[in-house]
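Reckoned from all heavy atoms, side chains included, excluding hydrogens, waters and symmetry mates.
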Amino acid sequence: MQLRGKQVTVFGINRSGVAAAKLLRTSGATVTVTDTRTADTLSKEIAELDDETRSPYRKFLGGHPPECITDADFIVVSPGVPLEIPILCKARARHLPILAELEVAANLCPAPIVAITGTKGKSTTTLLTAAILKTTSRFRNVSVTGNIGVPLAAEVQNITDKDIVVIEASSFQLESTVTFQPKVSVVLNLSRDHLDRHKTMAAYRAAKLKITDNQTPADWMILNASDPTLKDFALSTAAKVIYFTDSRASEASTCSSVFRDGKELFARWNGSRKKVCDVADIPLRGAHNVQNVLAAIAVGLIFGATESEIQKALQTFDRSHPALSHAFEPVKTVTGVEFIDDSKATNVAAVKAALESIENANTILIMGGYDKGNDYTPLRQLVRERVKTAVMLGEYTQQIEKTLVNITDIVKAKTMAEAVQLAYKNAAPGDIVLLSPANASFDMYTDYKARGADFKAAVNALQPTP
């Protein structure tokens, strides 16, 4: 990608936008930045942009006037900027390329890229994959970037061809890629999510599928054989396909694969079957994390990781990374009642995975939040079997209540403190209280982290029953 001398407008002054703007200017482009938020709201981001000796960026704040794209050769969008806003529609009418921060940064990346996407489990699998690759010592450095918190654009100038990059790639990032070509793509699962942005499942699926658009037979694609919605992905890629599954599915027996057999994890690799590790080696709680580990193992095997290296990576895995907070995280046990923070479960698939990991039939489930176009029907049977009370949190829970009516007892709460109190009141020793909202947090909180922190605070404030 030739950047020197180009006029580029960056939409969205968040972490990705700031990183993209700085990378573009360092690469010789003239950069304009624009955001609907005001200068007061963006004071921290503007200070970071202006903390350089060169001339200031051209800025349009509080809106996107037509002048922000008048001289642009192309546009870079931050992941949070919807592509259908009027100014971007005008840009498309003028045939201006609209590219993701990921697209620009990946074009400048000299190292092989492992890109991981899916509706749930991306952050966990990204960290597990990085841990395995680090243990192999085959790379000078393993860089973890993307949706997990550090934009690739912020790191790419420090990356060499002796490194490897593991990227958590969201649908918002992928939908504006054009030439993005990871050496390894991983698709963990696909279920209904983000329809407030993508509008249809077909569009959401198309955004995810872009992860493999430019892969060749020299590349790899890792797919979940247990997810029937991904079967067509194998037909859409030129890359070599490797399957993973937490059962001995037929796909796993005919292809290169990584799979679970009882209490052990195996690989069918280069025509032979070998044990990789025990399920007991998995460092994270929850049945859904078996699949995340299997996907990470597949990446490791591609790059030559041995069984002993994989075992070491799992056994020494650092669970303190911020991305693992609020993801099926045990908080506290109060008079025999265990509280689990799964605030990161912002879609139905994540709640389903959480409930499948809890065999206890006496679970009190706290749900609710900003609905992104969810279908809660897949939860009905699990809720019937495992949830004795569902606590509806917030003002926008009508669709959940409609789906679960007559399935379980339903109570309502206006605040997190009230929800935790109600859950505790309805629990008995041996029960589990699970915050797994199935929705985004934007109705009441800035993000899922703030929601999870409020849950933890409410749990810690509980007065144990005498």
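- Applying the side-chain hydrogen bond (donor to acceptor under 3.5 Å, both in side chains) test between Q291 and each of N189, T125, N224 identifies N224 as the sole match.
- Without hydrogens or angle criteria, T389 side chain to I364 main chain gives no donor-acceptor distance under 3.5 Å.
- Residues passing the side chain to side chain donor-acceptor pair (under 3.5 Å) test with N14 are S78, sequence neighbours excluded.
- Counting heavy atoms from C-beta outward, L128 and L314 have side chains that approach closer than 4.5 Å.
- To the nearest 0.5 angstrom, I116 atom CD1 is 3.5 Å from T129 atom OG1.
- In this structure, a donor-acceptor pair under 3.5 Å is absent between the side chains of D341 and S343.
- Of the inter-residue distances, the one linking I432 atom CD1 with I340 atom CD1 reads 5.0 Å to the nearest 0.5 angstrom.
- Heavy atoms of other residues, nucleotides or ligands lying less than 6.0 angstrom from NZ of K275 number more than 12.
- Across all their heavy atoms, R451 and A440 have their closest contact at NH1-O, 3.3 Å.
- Here the side chains of L174 and L102 are in contact, with some heavy-atom distance below 4.5 Å.
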As a quick check of understanding, evaluate salt bridge (Lys or Arg N to Asp or Glu O under 4.0 Å) for K456 and E329, giving each step before the final call. CA-CA 10 Å; K456 289 179 179 178; E329 180 185 13; 2.9 Å; yes

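- In this structure, V18 and K22 have side chains that are in contact, with non-hydrogen atoms separated by less than 4.5 Å.
- Looking at F442 and T346, their side chains never come closer than 4.5 Å, going by heavy atoms from C-beta outward.
- At least one side-chain heavy atom of V241 sits under 4.5 Å from a side-chain heavy atom of Y243.
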Side chain to side chain contact (heavy atoms under 4.5 Å, CB included) between L88 and V81, worked out: CA-CA 10 Å; L88 292 182; V81 177; 4.1 Å; yes

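- Proximity of V383 to L355: side-chain heavy atoms (C-beta onward) are separated by under 4.5 Å at one or more points.
- A donor-acceptor pair under 3.5 Å is formed between the side chain of S357 and the backbone N or O of A287.
- Separation of atoms CG (L393) and CG (D443) is listed at 7.0 Å; rounding is to 0.5 Å.
- With K208 contributing its side chain and L190 its backbone, the two residues share no donor-acceptor pair below 3.5 Å.
- Looking only at distances, no side-chain donor or acceptor of R319 sits under 3.5 Å from a matching main-chain atom of L284.
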Using the side-chain hydrogen bond (donor to acceptor under 3.5 Å, both in side chains) rule, take S143 and T145 through it: C-alpha gap first, then chi angles, then the decisive distance, then the call. CA-CA 6 Å; S143 184; T145 68; 5.2 Å; no

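- For NZ of K312, the number of neighbouring non-hydrogen atoms (other residues, nucleotides, ligands) closer than 6.0 Å is 12 at most.
- The nearest pair of heavy atoms linking A305 to T136 is CB-CG2, 3.5 Å.
- With contacts defined as side-chain heavy-atom distances shorter than 4.5 Å, the pair V114/I302 does not qualify.
- Shown here are the ring-ring contact (aromatic ring centres under 6.0 Å, His included) partners of F11, two or more places apart in sequence or in another chain: H64.
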Passes salt bridge (Lys or Arg N to Asp or Glu O under 4.0 Å), E338 versus R285? Steps please. CA-CA 14 Å; E338 183 181 9; R285 184 174 172 180; 2.6 Å; yes

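- Judged by distance alone, with hydrogens and angles left aside, the side-chain atoms of R386 form a donor-acceptor pair with the main-chain N or O of I358 at under 3.5 Å.
- By the 4.5 Å heavy-atom criterion applied to side chains, N374 and N439 are counted as neighbours.
- Note on ring orientation: taking the six-membered ring where Trp is involved, the planes of F139 and F303 are perpendicular (angle over 60°, cut-offs 30° and 60°).
- Judged by distance alone, with hydrogens and angles left aside, the side-chain atoms of D35 form no donor-acceptor pair with the main-chain N or O of L61 at under 3.5 Å.
- When atom types are taken as modelled, the side chain of E45 and the backbone of R15 share no donor-acceptor pair closer than 3.5 angstrom.
- In this structure, NZ on K210 lies 13.0 Å from CD on Q173, to the nearest 0.5 angstrom.
- Here the shortest heavy-atom pairing between D447 and S441 reads C-OG, 2.8 Å.
- A ring-ring contact (aromatic ring centres under 6.0 Å, His included) check over residues 308-352, counting only residues at least two apart or in different chains, returns the pairs H288-F328.
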Determine, stepwise, if the pair D227 / T229 fulfils side-chain hydrogen bond (donor to acceptor under 3.5 Å, both in side chains). CA-CA 5 Å; D227 189 336; T229 65; 2.5 Å; yes

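- The backbone N or O of A203 lies less than 3.5 Å from a partner atom in the side chain of T200, making a donor-acceptor pair.
- Counting non-hydrogen atoms of other residues, nucleotides and ligands closer than 6.0 Å to NZ of K274 gives a total above 12.
- Residues D318 and S320 bring a donor and an acceptor atom of their side chains to less than 3.5 Å of each other.
- For the residue pair E309 / T135, no side-chain donor-acceptor distance below 3.5 Å is found, with atom types taken as modelled.
- Between G149 and P151 the shortest heavy-atom distance is O-CD, 3.6 Å.
- Under a 3.5 Å cut-off, the side chain of D261 and the backbone N or O of E264 do not form any donor-acceptor pair.
- Scanning both residues, A267 and L301, for their nearest heavy atoms gives CB-CD1, 3.6 Å.
- Heavy-atom contacts from other residues, nucleotides or ligands closer than 6.0 Å to NZ of K352 number 12 or fewer.
- Between the CE atom in M416 and the CE atom in M444 there is a gap of 6.5 Å [rounded to 0.5 Å].
- Side-chain N or O atoms of Q315 include none that pairs as donor or acceptor with a backbone N or O of D281 at under 3.5 Å.
- With hydrogens and angles left out, the side-chain atoms of Q399 and D371 include no donor and acceptor closer than 3.5 Å.
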Could you go through F266 and R268, starting from their C-alpha distance and side-chain angles, then the distance that decides it, and tell me whether this counts as side chain to side chain contact (heavy atoms under 4.5 Å, CB included)? CA-CA 7 Å; F266 291 87; R268 178 168 280 100; over 6 Å; no

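- For the 3.5 Å distance criterion, the side chains of Q381 and E385 qualify, holding a donor opposite an acceptor.
- Rounding to the nearest 0.5 Å gives a distance of 12.0 Å between OG of S185 and CD1 of I113.
- In plain terms, the two heavy atoms of I242 and A298 that are nearest each other are CG2-CB, 4.2 Å.
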